[in-house]
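This report refers to the structure that appears directly beneath it.
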Amino acid sequence: MTKTPGKIEILRGDITQTAADAIVNAAKSSLMGGGGVDGAIHQAGGPAILEACIQIVNQTGPCPAGEAVITTAGNLPAKYVIHTVGPVWSGGHKGEPEKLANCYCNALLLAAKNHCRTIAFPNISTGVYGYPKPEAAQIALATIKQTLPLVPDIEKVVMVCFYQENFELLKQL
Ligand code: AR6
């Protein structure tokens, strides 16, 4: 029996408060924490997340843009944090759209591999990394819709928008 693909929800809020099985972090390649949502996740989740990131980097090196890795969520309500590295926007001709799409796709595949049923995303690359918000919103939704049929056990994907602008863009789409 084939399952219907999971649902997509769009919310405004703080992803650190989201009780999904996995929450996604918009990390940097070093996985060593930073500002924005990355800083918020490490601060709220505690040192266990950074310790797990250090182990991963020691074993496999820095995480390239578009790839994803999974760690404990420490003290957060989620079970896991999936760290993915968005592209830095530099005009759109350096593979940024493909890399951004890979972030959403690889995070969903990794969540499914770890038996997650619910996953929450921030608006990857739209902060410090400067990706134009309308284009990023389009790629996020299109990629999630394309990937959901490949991960039938994922029941719900939540886009957690910190900014009203991203919330409105996603709602329109
Ligand atoms: N919950 C949900 N979304 C949030 C939260 C939160 N608590 N805080 C911020 N956002 P950014 P990037 C939104 O800059 O552009 C870091 O320093 C924010 O409004 O966090 O991928 C990393 O270490 C924006 O829409 O990530 C990297 O060096 C979105 O999250 C670099 O920034 C992404 O903004 C990554 O840059």
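Every number for a ligand or one of its atoms is a count from 1 in the order of the listing. Values reported hereafter were calculated over all heavy atoms of this structure, with side chains retained and with hydrogens, waters and symmetry mates removed. FYI, the numbering just counts along the sequence from 1.
- Between Gly127 and ligand 1, a contact under 3.5 Å exists for at least one N or O pair.
- A distance of 10.5 Å separates CG in Asn123 from OH in Tyr163, rounded to the nearest 0.5 Å.
- Contact check for Arg117 versus Asp153: side-chain heavy atoms found under the 4.5 Å cut-off.
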Exercise for the section: Test side-chain contact (heavy atoms from CB on, under 4.5 Å) on Asn166 and Met159 and set out the steps. Expected result: CA-CA 10 Å; Asn166 281 323; Met159 290 293 304; over 6 Å; no
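- Regarding atom 23 (O) of ligand 1, its nearest protein heavy-atom neighbour is Asp38 OD2, 2.7 Å.
- Contact annotation: for Tyr129 versus ligand 1, heavy atoms closer than 4.0 Å belong to both the backbone and the side chain.
- The protein heavy atom nearest to atom 3 (N) of ligand 1 is Phe162 CB, 3.4 Å.
- Salt-bridge annotation for Asp21 and Lys79: present, with a side-chain N of the basic residue lying under 4.0 Å from a carboxylate O of the acidic one.
- Every atom of ligand 1 with a heavy atom of Asn166 under 4.0 Å away is listed here by number and element: 25 (O).
- Checking each of Leu50, Asn25, Ile49, Ile82 against Thr71 for a side chain to side chain contact (heavy atoms under 4.5 Å, CB included) leaves exactly one that passes, namely Ile49.
- Residues Phe162 and Arg12 share a closest heavy-atom pair of O-NH2, 2.8 Å.
- For ligand 1, the atoms closer than 4.0 angstrom to any heavy atom of Gly34 are 17 (O), 23 (O).
- Under a 4.0 Å criterion applied to the non-hydrogen atoms of Tyr163, ligand 1 contributes the atoms 19 (O).
- Set against the non-hydrogen atoms of Ala26, the atoms of ligand 1 under 4.0 Å away are 21 (O), 22 (C), 26 (O), 35 (C).
- Residue Gly36 has no N or O atom closer than 3.5 Å to an N or O atom of ligand 1.
- Looking from atom 25 (O) of ligand 1 to the surrounding protein, the closest heavy atom is Thr126 OG1, 2.8 Å.
- The distance from the SG atom of Cys103 to the CG atom of Leu108 is 11.0 Å, given to the nearest 0.5 Å.
- Ranking protein heavy atoms by distance to atom 20 (O) of ligand 1, first place goes to Val37 N, 2.8 Å.
- Taking every non-hydrogen atom of Asp14 and a distance limit under 4.0 Å, the qualifying atoms of ligand 1 come out as 1 (N), 6 (C), 7 (N).
- To the nearest 0.5 Å, atom CD1 of residue Ile119 and atom OH of residue Tyr104 are 10.5 Å apart.
- For the atom pair Ile56 CD1 and His83 NE2, the distance stands at 6.5 Å (nearest 0.5 Å).
- From His42, atom NE2 reaches atom OG1 of Thr16 across 12.5 Å, with rounding to the nearest 0.5 Å.
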Handout entry: Stepwise side-chain contact (heavy atoms from CB on, under 4.5 Å) check, Val160 with Asp14
Key = CA-CA 7 Å; Val160 183; Asp14 176 352; 5.9 Å; no
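- Between Ile15 and ligand 1, at least one N/O pair is under 3.5 Å apart.
- Ligand 1 is approached by Ser125 to a heavy-atom distance shorter than 4.0 Å.
- The protein atom (non-hydrogen) at minimum distance from atom 17 (O) of ligand 1 is Gly35 N, 2.7 Å.
- In terms of protein heavy-atom proximity, atom 33 (C) of ligand 1 is closest to Asn123 O, 3.3 Å.
- At the top of the distance list for atom 14 (O) of ligand 1, counting protein heavy atoms only, stands Val128 N, 2.8 Å.
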